[in-house]
Amino acid sequence: MVGRVSTTLTPTHAPAPTPRAPRRRTRVLALPEARWALTATVAFLLGLALDLTGTPAWTYGPLYAVAYVSGGWEPALEGLRALREKTLDVDLLMIVAALGAAAIGQVLDGALLIVIFATSGALEALATARTADSVRGLLDLAPATATRLTGDGREETVPTAELAVGDVVLVRPGERIGADGIVLDGTSEADQATITGEPLPVPKGPGDDVFAGTLNGTGALRVRVRRDPADSVIARIVTLVEEASRTKAPTQLFIEKVEQRYAVAIVAATLAVFAIPLALGADLTAALLRAMTFMIVASPCAVVLATMPPLLSAIANAGRHGVLVKSALAMERLGEIDATALDKTGTLTEGAPEVTAVRPLPDSGLDENELLALAAAAEHPSEHPLARAIVTAARARNLRIAPAEDFTAAPGRGVTATVAGHVVGVGRAEDTDGDATVVRVTLDATPVGTLALTDRLRADAPATTAALTALTGTAPVLLTGDNARAAARVADATGLTDVRAQLLPEDKVKAVRGLQDAGRKVLFVGDGVNDAPALAAAHSGIAMGGAGSDLALETADAVVVRDELTTVPAVVRLSRAARRLVLQNLVIAGTFITGLVLWDLLGHLPLPLGVAGHEGSTVLVGLNGLRLLRESAWRSGPAQDSSG
């Protein structure tokens, strides 16, 4: 048994005055794409300077060649690999166009295409790396080592990766917590802003959860590890976001399906743009230059890049705020919902009881505090949820909890213990009090009063239901297996009117399917094993991760790690913002392609201008998608998005 620890230990590390998440940003030149693009750019600019000053071709020709090779070898290799798999890659079209330009003497224009194309690829690589940085940077929050307490009370410094469930660690003032766990002893506060976004430190005491990477305040804590470090909140965010980055949304899959046919059509159209004018007597060089320009500006690079950057940025942003969206498909579908259905216990409520009434019997000689203190003393050794709620209520009133002896627990009947020489019993009463659970307290076998306990409503439940109503235009439906009276109490507190109680799991599925048969796309939010079928049946499903069942967490499209209900409407708004950016990107890409193609076919589009327009649109849609990495993208209020 670990003894109590003073909260006034001399800190071995001074508390950080302004704790912030370590900033991990990929350096531009750490990316090979950026280094090759820089080499190509420098070589091109040097060659251009010599070319424009009239020096002999042998001085600038090799520099242009360096630009071609350094900027074009990688996309050419990837294009040839794709061609070997009978796939026509857009990158290969760009290389062919550049070589074609060089073949008709337009070496400068071809080199410019290679440089801009290589720079565009470097920017895409940087955008992808920065998206990953925003999530992987969370790993830097977790300390490399922790102070583990041995069974005999000795301290040993171990790598946090070696911590196991059940280990007890000592967290001194100013240190970062090494693993997700529960406080056994000590009082302090934890700065959780980097994980939960809470602006103020959160008080921590015995029984409170703490999380890897959060910063301990001025007190010392003894913490029992509850999750393997590889399964901590931070680690799960990173893992799921990386898994999500490997999935593709329906829009992206459709684009890739069309891309192959489109690329073949571009090749055929390019041959026609070259052959038809040539057959009508056009100059060979002019016809080939027009065809090369057409191939460049018609290529769908910007269209291909339109979808994934917004969705992956949204997934990364949600992950930073404790919502793990499992795939790009899931992120896209969340923005489509126009109706919501909510579970009650563990979702709108905390799923844990709290004491709501203390009623001593008139002839017991006890007041409320004395009755509660007796019950807490008897229940203190117990791990039952009702026992924890009674002890928590006594501590909230600053009552002294006397030591108990001869503690016994009978499943289904309650507990007995000797407190100050008297036998105190606490057990469930046969009578009920509305939707509350009633326990009877006896003193030396004589009833002395009762306690009423109810499931506590989450503080953010009313705000969440209001936000979901604003987002979808209709109030959420409450689906619960609990009794009608308990459901009505929660509905009244959250402003819900469509309440369906005493439902079996299959009944919840029928309710969800009924809404969807009426043309609605339903988001279901739940946490328990009985919610898994409804989570699977809904258009989108979100599970409460704090106390959610493994089955619910596996079935859901997204998981709310911190059980913060307000993140549910927030992630829906973020998904809608991502869908809007995808549409914006497709419009931008389509407009550029159409305008440049018409210019080339109906007029005379200079090759350098066509290159700049094509690659510029590609860079533009890539950067547009990264806007969702910003903090403001998460914090945008419901008033800014009240429609689907």
Side-chain angles (χ1 to χ4, degrees), residues 28-83 89-126 266-267 270-271 273-275 277-278 282-299 301 596 599-600 604-616 618-619:
V28 175
L29 292 182
L31 299 170
E33 296 91 345
R35 294 195 296 271
W36 287 117
L38 179 62
T39 302
T41 302
V42 171
F44 172 77
L45 292 177
L46 291 175
L48 180 63
L50 294 173
D51 190 1
L52 296 179
T53 56
T55 59
W58 63 266
T59 60
Y60 59 79
L63 291 171
Y64 283 154
V66 170
Y68 272 85
V69 174
S70 59
W73 76 269
E74 191 170 22
L77 183 60
E78 290 300 319
L80 291 174
R81 285 173 177 167
L83 197 60
D89 193 281
V90 173
D91 291 358
L92 188 59
L93 298 183
M94 294 295 99
I95 300 302
V96 170
L99 293 176
I104 58 174
Q106 303 288 331
V107 178
L108 188 154
D109 292 339
L112 177 62
L113 171 59
I114 290 291
V115 167
I116 297 181
F117 189 61
T119 303
S120 173
L123 288 174
E124 291 176 29
L126 180 62
I266 288 177
V267 173
T270 300
L271 293 174
V273 170
F274 170 68
L278 193 63
D283 177 71
L284 174 63
T285 300
L288 188 55
L289 186 59
R290 182 187 293 269
M292 291 298 99
T293 304
F294 174 84
M295 178 182 286
I296 293 167
V297 299
S299 295
C301 300
L596 293 172
W599 188 351
D600 183 56
H604 175 66
L605 174 62
L607 179 59
L609 190 57
V611 170
H614 175 269
E615 298 301 329
T618 303
V619 172

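Everything numeric here is computed off the predicted structure, so don't read it as measured data.
- Under the ring-ring contact (aromatic ring centres under 6.0 Å, His included) criterion, Y68 pairs with no residue at all, not counting sequence neighbours.
- L278 CG to L271 CG: the interatomic distance, rounded to the nearest 0.5 Å, is 12.0 Å.
- Considering all non-hydrogen atoms of both residues, L605 and G610 come closest at CD2-CA, 3.9 Å.
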Item to check | side-chain contact (heavy atoms from CB on, under 4.5 Å) evaluation trace for W599 with V297 | outcome: CA-CA 10 Å; W599 188 351; V297 299; over 6 Å; no

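- Considering CG of L52 and CG of L108, their distance stands at 7.0 Å, rounded to 0.5 Å.
- In this structure, W36 and L31 have side chains that are not in contact, with every pair of non-hydrogen atoms separated by 4.5 Å or more.
- In this structure, L50 and T55 approach most closely via the heavy-atom pair O-OG1, 2.7 Å.
- Across A118 and A37, no two heavy atoms sit closer than the pair O-CB, 3.6 Å.
- Using the six-membered ring where Trp is involved, Y64 and F44 have ring planes that are tilted, between 30° and 60° apart.
- Closest approach of P62 and A57 over heavy atoms only: CD-O, 4.1 Å.
- With rounding to the nearest 0.5 angstrom, the OG1 atom of T293 is 9.5 Å from the CG atom of L288.
- Note: D51 CG to L46 CG = 12.5 Å, rounded to the nearest 0.5 Å.
- The CZ atom of R290 lies 13.0 Å from the CE atom of M292; values are rounded to the nearest 0.5 Å.
- Across all non-hydrogen atoms, the minimal contact from A67 to A43 is N-CB, 4.0 Å.
- For the pair T270 and F274, the minimum side-chain heavy-atom distance is 4.5 Å or more.
- One distance of note links CE of M295 with CG of D600; it measures 12.0 Å at 0.5 Å rounding.
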